[in-house]
Amino acid sequence: MEINVTSINQTFDNVEQTSQIIVTLNGNPSDYSGDYLSSNVSVTSKDLPDGTSLDNVLDGVIETLARKKLEAYTTGAMPIRVSSIDRVYDQQTKLIANVVVSLVGNLTDGSGDYINCRTTISKKDLPSGKSFAIMTAADFKVLAKAKLVELTKVA
C-alpha cells in the first residue's frame with residue numbers, strides 16, 4: 001500500500017502567522033482488500049529545521065516531517081490499540097482464510113493527530129510453522145502492529 005499526502009492544511013492566527021499545519025496521509029492498496037490507513041499528523045515549529053518557520057517551510061519538507069512523525073507514532077510515540085479482530089472463514093474449506101485487524105491511535109495533547117488502520121493478515125504473514133488454527137488474538141495484535149510499522153517506515 002502506498003501512503004499519499006491528501007492535504008496540507010495551514011491555519012493562521014489573527015496577525016496571519018501560521019498557527020498550525022495538519023498533514024493528512026492516506027493509503028489504500030490496489031488489491032481491493034478493504035485495507036486502509038488514514039491519519040492526521042501535525043507539523044509544529046519544534047519539528048522544523050533550524051532557521052525555518054511555519055510560514056516559510058516548503059511543502060516537500062512538511063511532507064517529509066509528517067512521514068517521519070507518522071513512523072514515530074507507529075513505533076511507540078502514539079498509543080495504538082487494536083479495536084477489532086475479524087476471522088474470515090472460507091465457506092468451502094470451513095477454515096480461516098484471513099484475519100482482518102483494525103487499529104486506532106490518537107494523541108491526547110490537543111493536536112488532533114490520529115491513525116486509523118485496517119490490515120489483513122493472510123497465511124503468508126504468519127510465522128513459519130504457524131497456522132490460523134493455532135494463533136491467538138494476542139498473536140494477531142502483534143502481527144497487525146508489526147505490519148503497521150512496516151507500512152509507515154520512512155526509506
Side-chain angles (χ1 to χ4, degrees), residues 1-88 98-122 124-127 130 132 135-155:
M1 172 185 330
E2 183 178 346
I3 299 174
N4 297 303
V5 172
T6 56
S7 75
I8 297 175
N9 181 297
Q10 197 162 354
T11 57
F12 301 89
D13 61 20
N14 61 349
V15 293
E16 294 186 357
Q17 297 295 306
T18 301
S19 59
Q20 184 178 34
I21 297 175
I22 300 173
V23 181
T24 302
L25 297 151
N26 291 316
N28 292 291
S30 58
D31 65 3
Y32 304 106
S33 64
D35 290 359
Y36 67 87
L37 178 123
S38 174
S39 64
N40 272 359
V41 177
S42 296
V43 175
T44 65
S45 56
K46 67 181 180 182
D47 300 319
L48 299 176
D50 289 338
T52 308
S53 75
L54 291 175
D55 287 314
N56 69 7
V57 64
L58 297 172
D59 286 355
V61 174
I62 294 169
E63 177 180 351
T64 298
L65 293 170
R67 287 181 184 279
K68 287 180 181 177
K69 213 167 193 182
L70 180 62
E71 178 183 40
Y73 288 165
T74 65
T75 57
M78 175 186 283
I80 296 175
R81 68 177 183 82
V82 171
S83 62
S84 71
I85 297 174
D86 183 18
R87 294 161 183 84
V88 180
N98 58 55
V99 174
V100 179
V101 181
S102 295
L103 303 111
V104 296
N106 63 314
L107 293 183
T108 57
D109 63 357
S111 66
D113 290 9
Y114 73 86
I115 296 171
N116 287 328
C117 181
R118 178 182 187 262
T119 188
T120 301
I121 298 171
S122 62
K124 69 176 177 50
D125 298 315
L126 300 180
K130 294 275 189 170
F132 286 120
M135 299 285 289
T136 66
D139 295 326
F140 296 135
K141 290 177 191 178
V142 169
L143 285 174
K145 288 180 180 182
K147 284 185 78 171
L148 178 60
V149 167
E150 187 61 33
L151 175 66
T152 59
K153 190 178 289 184
V154 176

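Heavy-atom basis, side chains included; hydrogens, waters and symmetry copies ignored.
- When all heavy atoms are compared, the tightest approach of P49 to L65 is CD-CD1, 4.4 Å.
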Take D31 and S33 through the test side-chain hydrogen bond (donor to acceptor under 3.5 Å, both in side chains) and record every step on the way to the result.
-> CA-CA 5 Å; D31 65 3; S33 64; 3.0 Å; yes
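- Here CG of N98 is found 9.5 Å from CG of D125. Values are rounded to the nearest 0.5 Å.
- Taking CG of D113 as the reference point, atom CG of N40 lies at 7.0 Å (rounded to 0.5 Å).
- Not one N or O on the side chain of S38 forms a donor-acceptor pair closer than 3.5 Å with the backbone of N116.
- Contact between L107 and A77 at its shortest, heavy atoms only, is CD2-O, 3.8 Å.
- Using a 4.5 Å heavy-atom cutoff, the side chains of V23 and L70 are not in contact.
- Shown here for S42 and D47, the closest heavy-atom pair between the two residues is O-OD2, 3.8 Å.
- E63 places no side-chain N or O within donor-acceptor distance of the main-chain N or O of I8, the cut-off being under 3.5 Å.
- Counting heavy atoms from C-beta outward, R81 and S83 have side chains that approach closer than 4.5 Å.
- Contact check for F140 versus F132: side-chain heavy atoms found under the 4.5 Å cut-off.
- Heavy-atom minimum distance, V43 versus L54: O-CD2, 3.8 Å.
- Using modelled atom types, no side-chain atom of K145 and backbone atom of L103 make a donor-acceptor pair closer than 3.5 Å.
- Counting heavy atoms from C-beta outward, P127 and M135 have side chains that approach closer than 4.5 Å.
- Side-chain N or O atoms of S39 include one that pairs as donor or acceptor with a backbone N or O of L25 at under 3.5 Å.
- Ion pairing of R67 with E71 is absent here, as no side-chain N (NZ or NE/NH1/NH2) approaches a carboxylate O to less than 4.0 Å.
- Atom CD1 in I21 sits 4.0 Å away from atom CD1 in I62 (nearest 0.5 Å).
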Could you go through the salt bridge (charged side-chain N to carboxylate O under 4.0 Å, His left out) check for K147 and E150 one step at a time?
-> CA-CA 5 Å; K147 284 185 78 171; E150 187 61 33; over 6 Å; no
Starting from the C-alpha separation in whole Å, work towards a yes-or-no answer on side-chain contact (heavy atoms from CB on, under 4.5 Å) for K141 and I85.
-> CA-CA 8 Å; K141 290 177 191 178; I85 297 174; 4.2 Å; yes
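- When atom types are taken as modelled, the side chain of D35 and the backbone of T120 share a donor-acceptor pair closer than 3.5 angstrom.
- Atom CZ in F12 sits 8.0 Å away from atom OG in S19 (nearest 0.5 Å).
- Contact of the D86 side chain with the V88 side chain is registered, since non-hydrogen atoms from C-beta on lie closer than 4.5 Å.
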Step-by-step side-chain contact (heavy atoms from CB on, under 4.5 Å) determination, L148 to T119 | CA-CA 8 Å; L148 178 60; T119 188; over 6 Å; no
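- Closest approach of A144 and V101 over heavy atoms only: CB-CG1, 3.5 Å.
- When atom types are taken as modelled, the side chain of N4 and the backbone of T6 share no donor-acceptor pair closer than 3.5 angstrom.
- With sequence neighbours left out, D55 forms a side chain to side chain donor-acceptor pair (under 3.5 Å) with T18.
- The CD1 atom of I115 sits 7.0 Å away from the OG1 atom of T152 when rounded to the nearest 0.5 Å.
- A distance of 8.5 Å separates CG in L58 from OG1 in T52, rounded to the nearest 0.5 Å.
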